[in-house]
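Below: one structure, written as structure tokens.
FYI, the numbering just counts along the sequence from 1. The figures that follow rest on heavy atoms only: side chains count, while hydrogens, waters and symmetry mates do not.
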Amino acid sequence: MAAQGRGNTVFLTGDVHSSWANDVPRDGTSVAVEFVCPSVTSDNSDEQLGVPPRTGSLKVEAAIRALNPHVGFVELGSHGPGVLEVTPEAVRMNWYYVADRRDPATAVTFAHAFRAVAGDPRVRPADG
């Protein structure tokens, strides 16, 4: 991408059932950004391990951040949708988490937001 002069690249993924905002590094610089959506109903890491919510995942998140400086944000333990806003100036990912993934009428709460500005392929926290 960088060699072909393709800028402003954003990857949107979700099959890992967790929330992420990452720089995509190459040769010490970010060439794109990646936003990952959590699952709404599929098991997350704590559920797969059979441990209480936001327990085992906290340790794994800390290890991921410590070993991967390109990870701007990671949250492995919550469920909900992500909303991607794309404008000519920036791209912004908003994460919303549900209170109870088994209840169709559950509360949905804004949780996090990260963005990347056009021409600068690095993720940054966005204002709520």
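The side-chain heavy atoms of V91 and L84, taken from C-beta on, include a pair separated by under 4.5 Å. Looking at E34 and T13, their side chains come closer than 4.5 Å, going by heavy atoms from C-beta outward. At a threshold of 4.5 Å between non-hydrogen side-chain atoms, the residues W95 and V83 do not count as touching. Using a 4.5 Å heavy-atom threshold, the side chains of D43 and R101 count as touching. Here the side chains of V98 and D103 are not in contact, with every heavy-atom distance at 4.5 Å or above. Counting only heavy atoms from C-beta outward, the side chains of E61 and L58 approach each other to under 4.5 Å. With contacts defined as side-chain heavy-atom distances shorter than 4.5 Å, the pair V36/V16 qualifies. Between V108 and Y97 there is no side-chain heavy-atom pair separated by less than 4.5 Å.
The distance from the CG atom of D120 to the CZ atom of R115 is 9.5 Å, given to the nearest 0.5 Å. In this structure, CH2 on W20 lies 14.5 Å from CZ on F35, to the nearest 0.5 angstrom. A distance of 5.0 Å separates CE of M93 from CG of L12, quoted to the nearest 0.5 Å. In this structure, CD in Q48 is found 11.5 Å from OG in S57, a value given to the nearest 0.5 Å. The line from OG of S42 to CG of D15 is 8.5 Å long, rounded to the nearest 0.5 Å. Taking CG of N94 as the reference point, atom CZ of R92 lies at 4.5 Å (rounded to 0.5 Å).
Below 30°, between 30° and 60°, or above 60°: for H112 and F73 the angle between ring planes is between 30° and 60°, a tilted geometry.
At distances below 3.5 Å, at least one donor-acceptor pair connects side-chain atoms of T106 with backbone N or O atoms of D100. Distance alone, capped at 3.5 Å, places no donor-acceptor pair between the R26 side chain and the A32 backbone. A donor-acceptor pair under 3.5 Å links the side-chain atoms of N8 to the main chain of G119, judged by distance alone. With D23 contributing its side chain and S30 its backbone, the two residues share no donor-acceptor pair below 3.5 Å. A donor-acceptor pair under 3.5 Å is formed between the side chain of T55 and the backbone N or O of P52. Proximity of a side-chain donor or acceptor of S19 to a complementary backbone N or O of C37 within less than 3.5 Å is not detected.
The shortest non-hydrogen separation linking A118 to P88 is CB-O, 3.4 Å.
Hydrophobic clustering of Ile, Leu, Val, Met, Phe, Trp and Tyr side chains at less than 4.5 Å, counting indirect connections, unites V10 with V123. By the criterion of side-chain heavy atoms lying less than 4.5 angstrom apart, applied directly or through intervening Ile, Leu, Val, Met, Phe, Trp or Tyr residues, L49 is not grouped with V60; the two fall into different hydrophobic clusters. No continuous path of hydrophobic side-chain contacts links V40 to Y96 [ILVMFWY only; heavy atoms under 4.5 Å].
For CZ of R122, the number of neighbouring non-hydrogen atoms (other residues, nucleotides, ligands) closer than 6.0 Å is 12 at most.
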Practice item. For side-chain contact (heavy atoms from CB on, under 4.5 Å), just list the numbers for T9 and V33, CA-CA rounded to whole Å, side-chain angles, deciding distance to a tenth of an Å, and then say yes or no. Key: CA-CA 7 Å; T9 302; V33 298; over 6 Å; no
**Study point:** Evaluation steps, side chain to side chain donor-acceptor pair (under 3.5 Å), between E75 and S78
**Key:** CA-CA 7 Å; E75 206 270 29; S78 296; 2.6 Å; yes
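Remark: of the listed residues H79, R54, H17, H79 is the sole one forming a side chain to side chain donor-acceptor pair (under 3.5 Å) with N44.
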